[in-house]
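Below, read A as the first sequence line, B as the second, and so on, with proteins coming before strands; counting in each chain starts at 1.
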There are 2 protein chains.
Amino acid sequence: MQKENQNAVERIEYELTTLIRRAVYLDISDKKIGHLERSVYLLLRHLDEFGPSRLKALAETFNLDISTLSRQASAIEAKGYISRFSDPTDGRVSLFRLTDIGREKLIIDKKMRIERYHAMLENWSNKEKEIFGELLERMNEALID
Amino acid sequence: MQKENQNAVERIEYELTTLIRRAVYLDISDKKIGHLERSVYLLLRHLDEFGPSRLKALAETFNLDISTLSRQASAIEAKGYISRFSDPTDGRVSLFRLTDIGREKLIIDKKMRIERYHAMLENWSNKEKEIFGELLERMNEALID
DNA sequence: GGCATTTACTTGTATAATACAAACATATAC
DNA sequence: GTATATGTTTGTATTATACAAGTAAATGCC
């Protein structure tokens with residue numbers, strides 16, 4: 001039993017390492033899903049899901065330096081996908097929210113991503129997809145430090 | 001049924017995107033597993049598994065430009081983890097193989113990675129781990145273009 | 001058998017994402 | 001009201017990457 005368990009974990013380690021390499025590549029290749037960079041997609045998705053956020057909170061969410069988020073957000077703002085407004089209770093804070101254009105772009109890309117996944121997983125049963133989603137969610141929980 | 005399927009795929013899309021962000025972060029953070037960079041680990045692992053390889057083949061394996069692999073390999077060679085020798089049948093080709101030190105480093109890091117995964121997945125049943133490994137492998141198949 | 005073309009790799013250069021540190025603006029504490 | 005803390009921006013350095021030019025070796029063709 002110990003041995004089987006060892007093998008299963010070893011396989012997970014191997015496959016996850018491979019998956020990350022392939023997925024990161026896919027994201028920057030010609031076959032990239034949609035039009036938004038992964039970082040932009042994640043930021044828009046976060047604002048859509050959690051509402052207006054400040055830089056510091058976004059940096060923590062994405063495990064990136066605040067300066068990095070500051071530049072990312074400025075770039076995305078320049079594209080018109082998010083807009084900035086001052087926190088009325090604290091003049092130091094910039095809050096960002098999705099613009100209508102940003103929401104539209106997000107919806108389009110999300111749709112494309114989901115379609116791509118549908119195609120990749122077309123020969124999986126519904127049950128398998130459900131289980132995979134659940135296990136991935138648990139894996140993500142486990143990845144939080 | 002269509003709806004459930006849709007939700008399952010949506011969840012997979014969401015969780016995978018999140019997983020990639022977390023895993024990439026983990027890899028460069030203080031809590032990084034082991035001592036080797038992910039790229040170095042992957043290269044050593046590949047040489048261990050498939051034997052001596054040339055740059056072009058490695059670049060294709062990792063979906064990276066040959067020039068990138070050339071620099072990576074030189075750096076890893078300088079650390080003494082791999083060594084270079086000429087293909088006796090083709091003087092243009094450099095072949096790389098693991099050195100004893102490289103193999104040792106690989107074994108150490110692999111062990112640490114597997115231990116970390118063991119810890120993260122400690123409350124998963126053996127059956128769940130097996131299924132997750134299998135589904136990840138199928139996902140990786142699906143990610144090949 | 002020697003020149004043209006192809007192949008494998010290295011090196012030069014540019015770009016993008018990132019972190020860290022310094023600067024700046026605003027808020028809080030005493 | 002000044003000193004300190006907080007939130008953000010900007011300057012600088014580093015790293016990973018791609019693309020293009022250069023170099024060395026092999027292959028093809030007459």
Heavy atoms under 4.0 Å, any strand shown: does B/Arg38 hit a base, just sugar-phosphate, or nothing?
nothing

What do the steps show when you test B/Tyr117 against A/Arg11 for side-chain contact (heavy atoms from CB on, under 4.5 Å), and what is the final call?
CA-CA 10 Å; B/Tyr117 277 98; A/Arg11 189 182 191 186; over 6 Å; no

Let me know the distance between CZ of A/Phe62 and P of C/dT18, rounded to the nearest Å.
11 Å

Got a donor-acceptor contact below 3.5 angstrom from the A/Asn140 side chain to the B/Glu15 backbone?
yes

Run the numbers on A/Gln72 and A/Leu64 for side-chain contact (heavy atoms from CB on, under 4.5 Å), then give the verdict.
CA-CA 11 Å; A/Gln72 275 186 14; A/Leu64 292 170; 3.9 Å; yes

So what does B/Asp90 hit on the nucleic acid, given a heavy-atom distance under 4.0 Å: a base, only sugar-phosphate, or nothing?
sugar-phosphate

Around atom CD1 of A/Ile101, are there more than 12 heavy atoms from other residues, nucleotides or ligands closer than 6.0 Å?
no

Ring geometry between B/His46 and B/Phe62 (parallel below 30°, tilted from 30 to 60°, perpendicular above 60°)
perpendicular

For the base of D/dT8, is there a side-chain donor-acceptor partner from A/Arg92 under 3.5 Å away?
no

Upstream residue (5' side of DNA chain C) when A/Thr89 and A/Leu64 are each assigned their closest nucleotide:
A/Leu64

May I ask you to evaluate whether A/Thr68 reaches the phosphate of C/dA17, defined as a side-chain N or O under 4.0 Å from OP1 or OP2?
no

Under 4.0 Å from OP1 or OP2 of D/dT17: is there any side-chain N or O of B/Arg71 that close?
no

Specify the separation, in whole Å, of atom CD of B/Glu60 and atom P of C/dT7.
13 Å

Looking at the side chain of B/Glu37, which of D/dA16, C/dC20, C/dA17 is the nearest nucleotide?
D/dA16

Give the rounded distance in Å between these two atoms: CZ of A/Phe96 and C1' of D/dT9.
11 Å

Taking the minimum atom-to-atom distance to the side chain of A/Leu55, which one of D/dA24, D/dT9, C/dA17 wins?
D/dT9

Taking B/Tyr14 as the fixed residue, which of B/Thr18, B/Ile12, B/Leu16 is the one that meets the side-chain contact (heavy atoms from CB on, under 4.5 Å) rule?
B/Thr18

With DNA chain C as reference, determine whether B/Ile66 or A/Ser39 sits nearer its 5' end, using the nearest nucleotide of each.
B/Ile66

Between B/Gln72 and A/Ser70, the residue closer to the 5' end of DNA chain D by nearest nucleotide is A/Ser70

Of the nucleotides D/dT9, D/dA18, C/dC9, which one has an atom closest to the side chain of A/Ser94?
D/dT9

A/Leu58 CG to C/dT18 C1': how many Å, rounded?
17 Å

Taking CG from B/Leu42 and P from D/dT17, how many angstroms apart are they, rounded to a whole number?
11 Å

Whole-Å distance, A/Tyr25 OH to D/dA16 C1', equals 16 Å

I'd like to know if B/Ser67 reaches the base of C/dC9 with its side chain such that a donor and an acceptor end up less than 3.5 angstrom apart.
no

In whole angstrom, what separates B/Lys56's NZ from C/dT10's P?
14 Å

Taking CG from A/Asp65 and P from D/dG7, how many angstroms apart are they, rounded to a whole number?
14 Å

Quick check for you: among C/dA21, D/dC19, C/dC9, whose closest atom lies nearest to any side-chain atom of B/Arg54?
C/dC9

